[in-house]
Amino acid sequence: MDLNDIKNSYRLWAPVYDKTFGAVSSIGRRRAIKHLNTLSGHVLEVGVGTGLSLKHYAPHMQVTGIDVSPHMLNKARKKIERKNLSNVVDVREMDARAMEFPDNHFDAVVAMYLISVVPDPEQVIAEMARVCKPGGEVIIVNHFARDQGPLSVAEKAIAPFANKIGWHADFPLERTQGQKELVLREQINFPPLGIFTFLRMQKQNQSNAA
Ligand SMILES: C[S@@+](CC[C@H](N)C(=O)[O-])C[C@H]1O[C@@H](n2cnc3c(N)ncnc32)[C@H](O)[C@@H]1O
């Protein structure tokens, strides 16, 4: 899937997203934000989409969101305006593989249902780590591939349609664990059937990462 495929796919998803995938995936989104609301400072949401998460952030959390799809972002902007979400400081079009933010900038960086969508997930995680402050948290919520069972059969059946549906159903969790400055602190699978996983990683202080 290249960036044009993604933009085309999410142009079609945008009008129906909140009532389809957005609705069935809400449990993971709420879990991540419940945790983020225990922190303080500025959170970057990578692949913010239609902004389904935004109203759940506590007012003390500043939020910036980025996404490559202008159609998804338009939906997010409407929600921000309608709900008067003044703690959302910015949502803008940006490629998660090459973010226009300085190093060590955000207190936390979160990507929900993004990592199996992007063309180069390792590069996106490297960017998430780069823009996160040392000691800050990088959170990923996603569906990851199973080794066995009925879900793994379904994943393999859906996988060839990645370009059409807009994500890779058979994405392995191991591909999120290659950044040596990020230490895995927590991994939780959610009902129903543990389809979605919450990963909480912490960016080490530079002296510990060497
Ligand atoms: C499945 S949606 C998830 C949206 C939102 N995080 C949520 O929880 O509903 C994936 C989003 O990732 C965005 N995306 C895909 N590739 C991207 C990239 N390289 N940079 C930024 N956003 C990207 C898509 O445009 C889409 O809005």
Side-chain angles (χ1 to χ4, degrees), residues 1-37 43-57 61 63-80 83 85 88 90-101 106 108-131 138-144 155 158-159 161-171 175-176 190 195-199:
M1 247 189 312
D2 67 19
L3 223 53
N4 280 334
D5 290 329
I6 290 169
K7 287 185 180 183
N8 283 336
S9 174
Y10 284 94
R11 178 174 52 80
L12 300 175
W13 268 112
V16 296
Y17 184 88
D18 290 2
K19 294 211 156 53
T20 53
F21 183 78
V24 298
S25 58
S26 71
I27 186 167
R29 211 174 285 113
R30 279 167 181 263
R31 176 64 185 81
I33 292 167
K34 188 174 172 200
H35 172 73
L36 286 161
N37 284 340
V43 54
L44 172 66
E45 194 173 318
V46 182
V48 66
T50 62
L52 276 174
S53 60
L54 296 175
K55 68 174 181 195
H56 298 297
Y57 286 97
M61 292 303 296
V63 185
T64 289
I66 63 164
D67 202 286
V68 283
S69 165
H71 294 86
M72 296 290 271
L73 281 174
N74 278 346
K75 295 271 174 189
R77 290 195 181 101
K78 283 187 185 139
K79 287 190 184 75
I80 295 164
K83 296 180 197 304
L85 301 174
V88 180
D90 191 16
V91 288
R92 64 172 119 150
E93 209 173 315
M94 195 186 293
D95 186 349
R97 296 171 302 175
M99 297 189 210
E100 300 153 21
F101 300 115
F106 293 98
V109 185
V110 60
M112 295 181 274
Y113 312 112
L114 165 85
I115 216 68
S116 55
V117 170
V118 286
D120 190 349
E122 286 82 1
Q123 172 62 19
V124 171
I125 294 170
E127 278 291 87
M128 292 172 74
R130 180 184 69 75
V131 301
V138 170
I139 310 277
I140 292 179
V141 175
N142 219 84
H143 168 73
F144 295 108
E155 286 158 5
I158 298 169
F161 303 104
N163 280 356
K164 290 265 179 296
I165 61 176
W167 75 87
H168 296 274
D170 58 347
F171 187 84
R175 286 187 69 183
T176 65
F190 298 100
I195 292 176
F196 300 120
T197 302
F198 167 88
L199 296 176

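Just follow the structure's listing: the first ligand is 1, and inside any ligand the first atom is 1.
Heavy atoms of Tyr17 come nearer than 4.0 angstrom to ligand 1 in at least one pair. The closest approach between Ile66 and ligand 1 stays at or above 4.0 Å for every heavy atom of the residue. Under a 4.0 angstrom heavy-atom cut-off, Met94 registers as being in contact with ligand 1.
Residue Val117 places no N or O, backbone or side chain, under 3.5 Å from any N or O of ligand 1. Geometrically, ligand 1 and Pro119 share no nitrogen or oxygen pair separated by less than 3.5 Å. Between Gly47 and ligand 1, an N or O atom pair is found at a separation short of 3.5 Å. An N or O contact shorter than 3.5 Å is missing between Arg97 and ligand 1 by distance.
Residues passing the side-chain hydrogen bond (donor to acceptor under 3.5 Å, both in side chains) test with Arg92 are Asp90, sequence neighbours excluded. Annotation: side-chain hydrogen bond (donor to acceptor under 3.5 Å, both in side chains) contacts of Lys79 (sequence neighbours excluded): Asp18.
Residue contacts with ligand 1 for Val48 involve N, CA, C or O but no side-chain atom from C-beta outward (heavy atoms, distance under 4.0 Å). Using a 4.0 Å cut-off between heavy atoms, Val68 contacts ligand 1 through both its backbone and its side chain.
Within 6.0 Å of the CZ atom in Arg31, the count of heavy atoms belonging to other residues, nucleotides or ligands exceeds 12.
Using a 4.0 Å cut-off between charged side-chain N and carboxylate O, Arg97 and Glu127 make no salt bridge.
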